[in-house]
Amino acid sequence: VVSDDGHANENRLAALEQLAGDLTPQGDRRLLQLASAIEDGPVLARLLRQVGGRSDFPSAPLLLGKLESPVAQVRAAAIDSLAALDINTAGKRISQRLEDESPEVRLAAVKAVGKLRLSQASVRLLVMAASDLPAVRGVCLDALRRLGEAGAVPSAVASLDSREARFEALNYLAEFGDSTHTARLVKIAETDRALDTLSAIVRALARWQQTAVEGRTSTDEALLENAVARVQGGSGLLLHWRTTGPLAADAAAAAIGHA
């Protein structure tokens, strides 16, 4: 059924799910054989993703070949699977897909660039991170963070206004931003009560606290400490704490008294 294009795609996809679930490790090669013979389309795209979840047989040649598929869905699936299998030799060809005509393929390529740490694509990602599309900015910021590229701070700050890219922007700023953004993050926490957003805000504030910065004053330190307290107090959630110890009895008593 899977390989017969005379059946509806819905039925073929359902048959594929059953086949993939029933296969033993020794039978996994059947998926590769099917993927090599089936026409480009949604069924092949699903097959390629199934192949990407199995690292015990040589699928790289097939996946690399499908980067040139005329069907965008198939190209995107091939990229996803190459990244899932950590096939770094595909780096140059995946980076080329950042210029693909299909938004779906470009997004898949951005994610793969980050996962595979393809630093040669950083310049292109910096341009894409300024896109008008929040979804594009978000995945680019995540990839740039993974690559250790610090040049996208303005794009990350701009992306704080978009719920679709906010989480990735906060994670990026935690790495490459600084305490000059504290008030902005506290303001966001007053209106966006999503747990992942609040956690990312507190994580950024706490990281800035821990990062040594030349010229930072005790007043600056207090502002960061207060910002963490305001986010936690306003949300009613305990998101950050510190521990110490073990302490001798007199030292513990002194610490409790000081608190």
Side-chain angles (χ1 to χ4, degrees), residues 1-5 7 9 12-129 135-136 138-149 168:
V1 174
V2 175
S3 59
D4 186 352
D5 61 6
H7 290 281
N9 282 337
R12 297 172 71 192
L13 289 169
L16 173 59
E17 291 301 316
Q18 182 175 352
L19 174 65
D22 291 343
L23 285 178
T24 64
Q26 293 74 26
D28 279 350
R29 290 181 180 274
R30 289 184 60 192
L31 291 180
L32 190 58
Q33 293 167 354
L34 278 171
S36 300
I38 208 166
E39 82 284 357
D40 287 16
V43 179
L44 177 60
R46 184 74 61 83
L47 255 172
L48 294 181
R49 289 194 164 90
Q50 292 282 357
V51 167
R54 294 164 162 82
S55 59
D56 55 344
F57 52 80
S59 56
L62 169 69
L63 295 171
L64 288 168
K66 291 304 177 181
L67 290 176
E68 308 302 324
S69 169
V71 179
Q73 190 177 7
V74 172
R75 297 196 300 276
I79 292 170
D80 288 344
S81 290
L82 286 165
L85 293 170
D86 288 321
I87 300 177
N88 286 284
T89 54
K92 181 177 180 180
R93 294 184 61 188
I94 288 176
S95 296
Q96 291 171 345
R97 286 297 158 191
L98 293 171
E99 308 292 343
D100 197 279
E101 63 184 14
S102 164
E104 178 185 7
V105 177
R106 292 197 299 272
L107 285 177
V110 170
K111 293 176 184 177
V113 163
K115 186 176 187 304
L116 296 174
R117 305 292 199 274
L118 304 178
S119 58
Q120 67 268 27
S122 293
V123 173
R124 177 57 182 151
L125 289 185
L126 286 169
V127 174
M128 294 177 71
V136 174
V139 294
C140 287
L141 289 170
D142 184 63
L144 288 165
R145 178 183 61 81
R146 291 171 181 265
L147 292 172
E149 171 55 61
E168 291 81 7

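Since we're looking at a predicted model, the values are computed, not measured.
- For C140 against M128, the heavy-atom pair with the smallest separation is SG-CB, 3.4 Å.
- Residues satisfying the side-chain contact (heavy atoms from CB on, under 4.5 Å) test with E99, not counting sequence neighbours, are R124.
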Using distance only, find each side-chain donor-acceptor pair of residues 77-88 under 3.5 Å and give its atom names and separation, not counting sequence neighbours.
from: D80; atom 1: OD2; to: R49; atom 2: NE; distance (Å): 3.3
from: D80; atom 1: OD2; to: R49; atom 2: NH2; distance (Å): 2.6
from: S81; atom 1: OG; to: L48; atom 2: O; distance (Å): 2.5
from: S81; atom 1: OG; to: A77; atom 2: O; distance (Å): 3.3
from: D86; atom 1: OD1; to: K115; atom 2: NZ; distance (Å): 2.9
from: N88; atom 1: ND2; to: D86; atom 2: O; distance (Å): 3.4

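- Note that the CG atom of L144 and the CD atom of E168 stand 12.0 Å from one another [nearest 0.5 Å].
- Shown here for D40 and S69, the closest heavy-atom pair between the two residues is OD2-OG, 2.6 Å.
- Judged as a side-chain hydrogen bond (donor to acceptor under 3.5 Å, both in side chains), and not counting sequence neighbours, K111 has no contacts.
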Run the numbers on L126 and E149 for side chain to side chain contact (heavy atoms under 4.5 Å, CB included), then give the verdict.
-> CA-CA 9 Å; L126 286 169; E149 171 55 61; 3.9 Å; yes
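- Minimum heavy-atom separation, A143 to L125: CB-CD1, 3.8 Å.
- Residues forming a side-chain contact (heavy atoms from CB on, under 4.5 Å) with R93 (at least two apart in sequence, or on another chain): L64, L67, E68, Q96.
- In terms of heavy atoms, A135 sits closest to L107 at O-CD2, 4.2 Å.
- Here Q73 pairs with P42, A45, V71, E104 under the side-chain contact (heavy atoms from CB on, under 4.5 Å) rule; sequence neighbours left out.
- Annotation: the span from S122 atom OG to L147 atom CG amounts to 4.5 Å, rounded to 0.5 Å.
- To the nearest 0.5 Å, atom CG of residue L62 and atom NZ of residue K66 are 6.5 Å apart.
- E101 is linked by a side-chain contact (heavy atoms from CB on, under 4.5 Å) to R75, counting only residues two or more places apart in sequence or in another chain.
- Between A112 and I94 the shortest heavy-atom distance is CB-CG2, 3.8 Å.
- Taking every heavy atom of both residues into account, R106 and D100 meet most closely at NH1-O, 2.7 Å.
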